[in-house]
Structure formats: C-alpha cells, structure tokens
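Note that the coordinates shown come from a computational prediction; the quantities given were computed from them, not determined experimentally. Per chain, numbering begins at 1; letters A, B, ... match sequence-line order.
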Amino acid sequence: MTETAPFPWSDKKIAAFRETLLTWYDQNKRDLPWRRDHKPYHVLVSETMLQQTQVQTVIPYYEAFLTQFPTVQALADAPQAQVMKAWEGLGYYSRARHLQEAAQQVVRDYAGNFPTTAVELQTLQGIGPYTAGAIASIAFNEVAPAIDGNAFRVFARLFCIEDDIAKPQTRAVFDCVIRRVIDPARPGDFNQAIMDLGSTYMRASDPDAEHSPVAAFDASFQSGRVLDFPVKTKKPRPVPIAYLALAIHSPAGWLFMQRPQTGMLGDLWMFPLIAEDELEETLAPARLQEAAQQFGAEAGTTLTLSDPGLRPVTHTFTHQKWTMTIVQAETDEFSLATLPARWVPEPELASLALPTVQKKLLRRMQLLKE
DNA sequence: CAGGCGTGGAC
DNA sequence: TGTCCAAGCCT
C-alpha cells in the first residue's frame with residue numbers, strides 16, 4: 001500500500017470490523033491480572049513489564065510488584081535497590097530504573113496524578129509511543145493507537161502492508177491506518193482486542209487465520225499469504241565473547257561488583273569479569289594478583305586458586321553469547337577500593353539483584369540451588 | 001537512524 | 001544447539 005492509494009476499506013466495512021472484533025473480544029478476552037481495573041499506575045506497570053516480554057512470564061512479577069509497591073507514591077519513595085531486586089530475572093533492567101523515575105516524575109510534576117494524554121505520557125521516562133498509547137486509551141479513553149508487535153503483525157496481515165516493521169519510519173504508516181480503524185467509542189478495548197488477536201489466531205508462528213473471527217477482513221489470508229506478513233528484517237546473530245569470571249572468596253564473603261548504571265545489566269551485581277582477549281593465555285597467578293589489586297588488594301595479598309575443574313558457563317543474550325570460565329580463589333579479606341564493590345556473605349546473596357547469568361555461575365559453583 | 005538492551009519458551 | 005520470538009525504549 002502506498003501513501004497515495006485510497007484507503008481500502010469503506011466506512012461500512014470499518015464499522016463491521018469494529019463490531020466483529022469487539023464482540024469477539026467481549027466473549028473471549030483473557031482474564032489477566034492487569035485487566036481487573038484501569039488505573040493508570042496498574043496499566044503503566046503491566047505495560048512496562050510486557051515490553052518484549054511474554055504474558056506468562058509477567059504475571060507473577062506483576063502481582064509481586066504491586067504487593068510491594070501498591071501505589072505510584074510507594075514506588076517513587078522506594079529504595080532503588082529494592083526496585084531492581086523486584087525486577088530480578090525479568091531482563092531489560094533499565095525498564096525498572098525508568099519505571100521508578102516515571103513514578104517520581106508523576107509525584108513531583110503532577111502531584112501524584114498521571115497526565116491523561118498520550119503526548120504528555122510520553123514525556124515520562126521509559127514511556128514511548130506504544131506505552132503512552134496503551135495507557136491513554138485503556139486508562140483515559142483517548143482514541144490513541146497502541147502499536148506493539150501484535151498490532152504491527154495484525155494490521156500488516158489485514159492490509160498486506162509490505163513496509164518493513166523493523167524500520168522506525170514504518171510506524172507512521174501503521175499509525176495512519178490504525179487511526180482510521182480504531183473504534184472511537186472503545187479505544188482501550190480495541191487496542192487490547194488487537195493484542196489478543198495477535199497472540200492467538202494471528203500469532204507469528206503457526207497462525208490459525210482460517211478460524212480467526214476477522215478472517216473475512218484478512219487480506220493476507222484471502223490471498224494465501226499469511227506468513228508473508230509482517231515484513232521484518234532479521235537481526236544479526238549473537239557475537240561470541242569469552243570471559244574469566246573471578247570468584248574471589250574471603251572470610252567476609254564473595255567479592256561482587258555493581259555494574260555501571262548504563263549498559264548491560266546496569267545496577268546489577270556480578271563477579272568481576274575479565275575479557276579473555278585481554279589475556280595472553282590462561283590466567284596466571286600473577287594476573288589474578290593484578291586483577292585483585294584493582295579491587296584494592298595490597299601487592300602482597302595471597303590468592304590461592306581453588307577448584308579449577310568447573311566447566312565453563314554459557315549464556316546467550318540478544319546480541320552476545322558469553323562463555324565464562326570460573327576462576328575461584330581464596331584470600332584474606334582486604335579493604336575494597338573506590339570501586340562499587342562489596343564482600344557478600346553467602347546468606348546475603350538473596351538480597352542482591354543478580355542477573356540470570358550470575359545465578360548460572362553460582363549454580364555451577366553449587367552456591368545456589370536448582 | 002541503528003544498535004544496544006535479557007530472558008524463557010517454542011520448535 | 002541454534003534460531004526466532006514476545007504488549008519497546010533510549011541514545
């Protein structure tokens with residue numbers, strides 16, 4: 001479809017689509033925790049967790065998060081470490097930091113009452129065009145599209161839209177189409193119905209377009225090209241990276257470092273890592289000494305290597321594949337340098353926000369169950 | 001704009 | 001094991 005082509009659906013067809021979609025939704029919508037009410041704070045928390053994350057994964061995190069931080073005020077006032085801990089294992093950790101920042105913005109700039117328009121909502125940290133549209137439509141009945149992966153896929157199929165959804169500029173094409181079709185009487189339900197459709201009959205893999213309630217409106221189905229849509233360029237495969245993970249133990253516990261706020265696994269705690277390409281060969285004791293000195297150990301500190309036999313741990317991220325060789329060492333406690341580092345006794349491991357990759361290391365060392 | 005940013009499930 | 005995917009946002 002080009003920008004100059006006339007809109008392919010008549011007003012009558014648009015009305016029929018809305019009726020069909022919403023009738024199906026009213027009878028078949030999933031019973032999800034965040035559909036119990038339409039409070040903007042609840043919508044914000046759920047939509048943030050749902051970014052690039054499946055419903056099944058989010059449900060327990062959502063329940064626990066709202067128990068711990070029941071109001072936007074409570075989240076704004078909470079210690080940041082507590083928020084990161086609540087996010088542990090969910091991934092994309094900047095979402096947690098941004099979510100709390102947004103709560104603080106609402107408290108500080110809006111006296112605790114959420115702004116009610118998509119345009120204003122987008123000024124809050126972590127809220128982009130999708131989440132703003134979702135909150136505005138669901139909580140405040142604004143006629144605003146909420147264009148996520150489901151909406152891209154559903155409308156690409158309904159209209160056989162060939163534009164590459166991986167390109168940012170494509171959003172405008174879909175925004176234009178959806179504004180034509182969205183039901184102005186029930187924008188929030190319309191957006192959620194599209195998502196339910198996109199996760200059932202019109203899912204990415206193994207779709208069931210034949211039995212879809214909107215099969216009659218589905219141009220890709222009518223032309224036998226369901227799997228040709230949406231058009232989306234593929235992402236590069238993960239780059240392999242080899243690390244040594246330094247598991248340094250003293251009577252005070254294990255040496256952990258807090259990762260920088262920006263970048264991967266920001267604010268979370270891990271063993272110090274050394275990229276293997278920074279090393280000549282395997283880790284000589286002298287190199288371990290050198291590394292320990294960076295954390296504050298004096299030159300004479302004795303480090304005894306232990307348990308060299310652990311198999312490496314692998315962990316794949318979206319864009320990197322890590323292989324980590326664990327180097328365990330025993331030492332006397334030394335005072336840590338200015339780095340964001342701590343000695344962590346084993347009972348306190350549970351109170352730190354640890355990424356899954358760190359938990360894998362601990363499991364391999366049998367310091368964590370499972 | 002392109003690329004960075006996690007994790008778990010499905011196949 | 002590899003590959004792709006899932007209710008995106010930030011820089």
Side-chain angles (χ1 to χ4, degrees), chain A residues 29-30 32-35 42-62 84 87-99 101-102 121-135 137-138 145-154 164-172 174 188 190-200 202-207 227 230 232-241 259-268 270 314-323 353-360 370:
Chain A
K29 65 180 172 187
R30 289 174 290 177
L32 299 169
W34 44 89
R35 287 181 174 170
H42 295 170
V43 181
L44 171 62
V45 171
S46 63
E47 293 299 343
T48 302
M49 288 186 170
L50 285 162
Q51 289 167 14
Q52 301 290 282
T53 310
Q54 295 184 352
V55 167
Q56 195 99 3
T57 303
V58 165
I59 290 173
Y61 281 91
Y62 176 81
M84 299 311 295
W87 212 267
E88 179 184 272
L90 200 50
Y92 286 144
Y93 296 98
S94 65
R95 290 184 296 176
R97 193 171 57 250
H98 290 153
L99 179 58
E101 286 174 25
L121 285 161
Q122 263 201 81
T123 67
L124 302 178
Q125 266 304 316
I127 299 186
Y130 163 73
T131 306
I135 300 172
S137 64
I138 296 170
I147 313 175
D148 67 337
N150 287 306
F152 274 123
R153 183 171 57 257
V154 168
D164 183 354
I165 66 168
K167 296 188 181 303
Q169 60 199 38
T170 299
R171 168 172 295 276
F174 283 77
F190 180 94
N191 285 332
Q192 293 184 89
I194 293 295
M195 294 182 221
D196 275 16
L197 201 54
S199 60
T200 56
M202 299 183 75
R203 60 189 168 270
S205 63
D206 192 28
L227 292 180
K232 184 182 183 183
T233 56
K234 293 174 183 175
K235 290 178 181 174
R237 61 166 74 169
V239 179
I241 304 179
R259 296 176 61 88
Q261 189 171 81
T262 58
M264 269 185 80
L265 311 176
D267 288 326
L268 276 67
M270 280 202 75
T314 64
H315 185 80
T316 304
F317 300 93
T318 306
H319 58 294
Q320 293 177 5
K321 179 178 178 177
W322 289 6
T323 302
L354 307 177
T356 295
V357 62
Q358 176 61 53
K359 290 193 164 187
K360 281 192 187 179
E370 285 168 79

Original post:
Counting only side-chain N and O atoms of A:His319, is one of them less than 4.0 Å from OP1 or OP2 of B:dC5?
Top reply: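 So the side-chain polar atoms of A:His319 do come within 4.0 Å of the phosphate oxygens OP1 or OP2 of B:dC5, strictly under.
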
Original post:
Does C:dC10 have OP1 or OP2 sitting under 4.0 Å from an N or O in the side chain of A:Tyr92?
Top reply: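 Looking at the OP1 and OP2 atoms of C:dC10, neither is under 4.0 Å from any side-chain N or O of A:Tyr92.
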
Subject >> Nearest-nucleotide 5' precedence on DNA chain B, A:Pro236 against A:Thr316 >> reply: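 Mapping each residue to its closest nucleotide by heavy atoms, the 5'-most match is A:Pro236.
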
**OP:** With DNA chain B as reference, determine whether A:Lys167 or A:Leu354 sits nearer its 5' end, using the nearest nucleotide of each.
**Re:**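 This one resolves to A:Lys167.
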
Original post:
In terms of side-chain geometry, is the basic nitrogen of A:Asp196 or A:Lys29 positioned less than 4.0 Å from the acidic oxygen of its partner?
Top reply: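 Salt bridge: no.
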
Subject >> Pairwise distance CZ(A:Arg95) to OG1(A:Thr48) - rounded to 0.5 angstrom >> reply: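 Taking CZ in A:Arg95 and OG1 in A:Thr48, the distance rounds to 8.0 Å.
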
Original post:
Which distance, rounded to the nearest 0.5 Å, do you find between the CG of A:Asp148 and the CZ of A:Arg153?
Top reply: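 Separation between the atoms: 8.0 Å.
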
Per [X] side chain, nearest of listed nucleotides [options]:
{"X": "A:Gln52", "options": "C:dG2, C:dC4, C:dA6", "answer": "C:dA6"}
{"X": "A:Lys235", "options": "C:dC5, B:dG4, C:dG8", "answer": "C:dG8"}
{"X": "A:Leu265", "options": "B:dA2, B:dT7, C:dG8", "answer": "B:dT7"}

Please classify the nucleic acid contact of [X] as base, sugar-phosphate, or nothing, using heavy-atom distances under 4.0 Å.
{"X": "A:Gln125", "answer": "sugar-phosphate"}
{"X": "A:Arg153", "answer": "sugar-phosphate"}
{"X": "A:Val55", "answer": "base"}
{"X": "A:Leu90", "answer": "base"}
{"X": "A:Gln56", "answer": "nothing"}
{"X": "A:Leu32", "answer": "base"}
{"X": "A:Trp34", "answer": "base"}
{"X": "A:Gly89", "answer": "sugar-phosphate"}
{"X": "A:Met195", "answer": "base"}
{"X": "A:Gln54", "answer": "base"}

Subject >> Interatomic distance at C1', B:dC5 relative to C:dA6, whole Å >> reply: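 Between the two C1' atoms, the distance is 15 Å.
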
Original post:
Is the base of B:dG8 touched by the side chain of A:Thr356 through a donor-acceptor pair closer than 3.5 angstrom?
Top reply: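 By the distance-only test, no, there is no pair.
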
Please state how far atom [atom1] in [X] lies from atom [atom2] in [N], giving the value in whole angstrom units.
{"X": "A:Lys360", "N": "B:dT7", "atom1": "NZ", "atom2": "C1'", "result": "9 Å"}
{"X": "A:Lys321", "N": "B:dG8", "atom1": "NZ", "atom2": "C1'", "result": "16 Å"}
{"X": "A:Leu121", "N": "C:dC9", "atom1": "CG", "atom2": "C1'", "result": "15 Å"}
{"X": "A:Glu101", "N": "C:dC10", "atom1": "CD", "atom2": "C1'", "result": "11 Å"}
{"X": "A:Asp206", "N": "B:dA10", "atom1": "CG", "atom2": "P", "result": "13 Å"}
{"X": "A:Gln358", "N": "B:dG6", "atom1": "CD", "atom2": "P", "result": "15 Å"}
{"X": "A:His315", "N": "B:dC5", "atom1": "NE2", "atom2": "P", "result": "13 Å"}
{"X": "A:His98", "N": "C:dG8", "atom1": "NE2", "atom2": "C1'", "result": "12 Å"}

**OP:** Determine, step by step, whether A:Tyr130 and A:Glu47 satisfy the side chain to side chain donor-acceptor pair (under 3.5 Å) criterion, reporting the C-alpha distance in whole Å, the side-chain angles of both residues, the deciding distance to 0.1 Å, and the verdict.
**Re:** CA-CA 9 Å; A:Tyr130 163 73; A:Glu47 293 299 343; 2.6 Å; yes

Original post:
Quick one: are A:Thr131 and A:Leu121 in side-chain contact, heavy atoms under 4.5 Å?
Top reply: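 When only atoms from C-beta onward are counted, A:Leu121 and A:Thr131 do not touch, as no gap falls below 4.5 Å.
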
Subject >> Residue pair A:Tyr92 / A:Thr318, side-chain heavy-atom distance below 4.5 Å >> reply: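 The answer is yes, as the side chains (C-beta and beyond) meet within the 4.5 Å cut-off.
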
Subject >> Any residue of residues 128-135 of chain A with a heavy atom less than 4.0 Å from an atom of DNA chain B >> reply: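 Residues of residues 128-135 of chain A that come under 4.0 Å of DNA chain B do not exist, since none gets that close.
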
Subject >> A:Phe317 and A:His319 aromatic centres sub-6.0 Å >> reply: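 No, the ring of A:Phe317 stays outside the 6.0 Å limit from the ring of A:His319, centre to centre.
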
**OP:** By nearest nucleotide on DNA chain C, pick out whichever of A:Arg237 and A:Ile147 is the more 5' one.
**Re:**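 Mapping each residue to its closest nucleotide by heavy atoms, the 5'-most match is A:Arg237.
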
**OP:** Step through the shown structure and confirm whether more than 12 heavy atoms of other residues, nucleotides or ligands are within 6.0 Å of CZ on A:Arg35.
**Re:**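 Enclosed: over 12 neighbouring heavy atoms sit under 6.0 Å from CZ of A:Arg35.
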
Original post:
Can you tell me if A:Glu88 uses its side chain to pair, donor with acceptor, with the backbone of A:Leu354 under 3.5 Å?
Top reply: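 Yes; judged by distance alone, with no hydrogens or angles, the pair exists.
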
